[in-house]
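Beneath this line is the structure, given in structure tokens, with notes to follow.
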Amino acid sequence: MTCIAMREVAVVAVGYTRVSEHWDKSIKGLFIEASLKALSSAGLSLKDVDGIYVANAFAGYLQRQTNLASIIAEALGLTDTFAVSIDAGGASGGLAVHEAYRDVAHGIRDVVLVCGVEKMSEATSSDVLTAQASVEDQEYFRYTGATLHSLAALIYKTYMKRYGVKQEDVALMSILDHEHASTCQHAQYPFKITLDSIMKSPVLSDPVRVLEVVSPSDGAAAVVLCPHEKAKELGAPHVKIAASQLVRDSFNIVERGDVLAMEALVKAASRAYKEAGVTPSDIDFAEVYDDYSVMGVIAMEKLGFCREGEGVKVLKEGEAKLDGRIPINTFGGLKARGAPIGAVGVYQAVEAYLQLTGEAGANQVKDAEVGLTHGSCCFNSIAVVNIFRRCC
Amino acid sequence: MATSAYWRTRFQRYRLIGNRCKECGKVFFPPRFVCPACGSVKLEEYKLPERGKLVEYTVVYTAPKGYEVMTPYVIGIVELEDGVRVLAQITDVDVEDVKEGMEVEASIRRLPEQLEGGMICYTYKFRPVIK
């Protein structure tokens, strides 16, 4: 069933912290910092908010904190305001934007605050691995001893064999991310890396190497959604949400038949393009979910920016750079901007806003009109595709 | 893992018991409640074959909590004789001797994590078939 928008929906404000190791800030502190920045930038206050979506993946495991939305709403002094947590791994942020979009489009709420927050730096690395693996079905996954790294490795090896490409080709994804992050103020790793350093970094699960994988990080990103008419009244720079689609697939990649199929992403993309009335060639930039280098390469293909197996060609020929045919991960993507997992989709929405309002600074994509964000949980067992459009 | 949760999954772990849709015949491992192919809730127990071949594998160097002592270990996709694919650890073989297409068979092996009271957990792992 297609979601028919009753009202046009705008992102009217954004706020975010740098992705980093924020030893001095709690989940609540990060959330409030990003949210207040967003609200004040549009001349709004907490009193104007009539709905809150909190995107978070791991607080229940890493901080032993469940019931996050109510805890945060209370910290904001908003005891009487609708507040719900969205927990869908790396798809949490994109899904929270999706829910807020529907609320505003259908006239259920007028001013909705979406904030993604994650705090991973204070956990041990094996705790982080266990938390990440907890998005899989525990009654099966846990006793296999498999990790998300090992599943990514199985996908990676299958990809290299099928398309006859090398790790040196796929790893270009991480180089691209770091290049774009090198001028990004909110990036966790704002510096360039070389192929040599990637190939010399330790192997996590053969062939996946450390410098091809996201690192634990902390951060919060917020967007404020409201009807387009209200955004015009507020007078703050704003962008429209043109489409938002979510599709699911089997968690068990082995059960999918072809581990490279990523059917949920293919479907979500095709539905989002239809909803927005665009084709892949209309997309001026995309923020793809590259928790592993190979997943970024596959995402470019499944989103229709190139043919199957030609993702590495896009990277080699520089087409994914800021001045290329289809700029990808314009602020550094998951690898280098950083990946506070539950907040990633909201960071992506923030970045789409910055590009489409011309506020992207050194990372600006020239004349950007339409941008796409892609969220994923467990190798696109949940795929979210959101499309944003510039307002003239 | 809770002792009862471990107990509930004993048949799939000890004997590779999945299930099969009575309506469309599709086989599932681990067992499902509802057939995603046809929507039927009529599912019957199905014993998976214990032999197959290794389709793809990876060597794990960074393990989740409790599994660190096993590294490096091999995780692979095993295609069983009836075509059903399972994710499993490959055991009884040196990491460098693991080969794609290798014939493997199911065996019972100890899990590194222990339940309350020191109860030892077991699961299936696949080992090379010795001819």
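Nothing here was measured: the structure is a model prediction, and the numbers come from that model. Order of the sequence lines fixes the chain letters, A, B, ..., with proteins taken first and strands second; residue numbering starts at 1 for each chain.
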### Task
Would you mind telling me which of B:Tyr67, B:Phe28, B:Phe29, B:Tyr6 has the largest number of heavy-atom pairs within less than 4.5 Å of chain A?
B:Tyr67

### Task
Grab the two heavy atoms, one from B:Gln12 and one from A:Tyr140, that are nearest each other, plus how far apart they are.
NE2-CA, 4.5 Å

### Heavy-atom proximity to chain A below 4.5 Å, by part of B:Arg32
side chain

### Task
Check A:Gly145 against B:Pro64 and note the closest heavy-atom contact, atom names and distance.
O-CD, 4.3 Å

### chain A contact via B:Ala63 - which portion, at a heavy-atom distance below 4.5 Å
backbone

### Query
Checking heavy atoms, do the side chain of A:Val259, its backbone, both or neither come under 4.5 Å from chain B?
side chain

### Message
Which atoms of A:Ala146 are under 4.5 Å from chain B, going by heavy atoms: the side chain, the backbone, both sets, or neither?
### Response
both

### Query
Just wondering, are more than 12 heavy atoms of other shown residues or ligands nearer than 6.0 Å to CD in A:Glu263?
no

#### Entry: Heavy atoms of other groups near B:Lys47 NZ, more than 12 under 6.0 Å
yes

### Task
Residue by residue, scan residues 81-94 of chain B and write down, ordered by number, those that have a heavy-atom distance under 4.5 Å to chain A; if none do, write 'none'.
B:Arg85, B:Val86, B:Leu87, B:Gln89

#### Entry: Between A:Ala153, A:Ser250, A:Ser150, the one whose heavy-atom pairs under 4.5 Å with chain B are most numerous
A:Ser150

### Message
Please report the interatomic distance OG1(B:Thr123) to CZ(A:Arg142), rounded to the nearest 0.5 Å.
### Response
12.5 Å

### Residues, nucleotides or ligands: over 12 heavy atoms within 6.0 Å of B:Glu44 CD
yes

### Summary
Output for pair (A:Leu151 CG, B:Ile77 CD1), nearest 0.5 Å, gives 8.5 Å

### All pairs passing salt bridge (charged side-chain N to carboxylate O under 4.0 Å, His left out) where residues 6-15 of chain B contributes a residue, at least two apart
A:Glu139-B:Arg8

### Which of A:Leu154, A:Thr130, A:Val128, A:Val208 touches chain B most, by non-hydrogen pairs under 4.5 Å
A:Leu154

### Query
Is the number of heavy atoms from other residues, nucleotides or ligands within 6.0 Å of CD1 (B:Ile120) greater than 12?
yes

### Query
For A:Phe191, does the CZ atom sit with more than 12 other heavy atoms under 6.0 Å from it, leaving out its own atoms?
yes

### Query
So what's closer than 4.5 Å to chain A heavy atoms on B:Glu68: side chain, backbone, both or neither?
side chain

### Message
Quick check on A:Lys161: does its NZ atom have over 12 non-hydrogen neighbours (other residues, nucleotides or ligands) under 6.0 Å away?
### Response
yes

### Query
What are the residues of residues 53-61 of chain B, in order of number, with any heavy atom under 4.5 angstrom from a heavy atom of chain A?
B:Glu56, B:Tyr57, B:Thr58, B:Val59, B:Val60, B:Tyr61

### Segment of A:Phe141 engaging chain B (4.5 angstrom heavy-atom cut-off)
side chain

### Residues in ring-ring contact (aromatic ring centres under 6.0 Å, His included) contact with A:Tyr159, at least two apart in sequence or another chain
A:Tyr163

### Query
What residue among A:Val203, A:Val213, A:Leu204, A:Thr147 forms side-chain contact (heavy atoms from CB on, under 4.5 Å) with B:Thr62?
A:Leu204

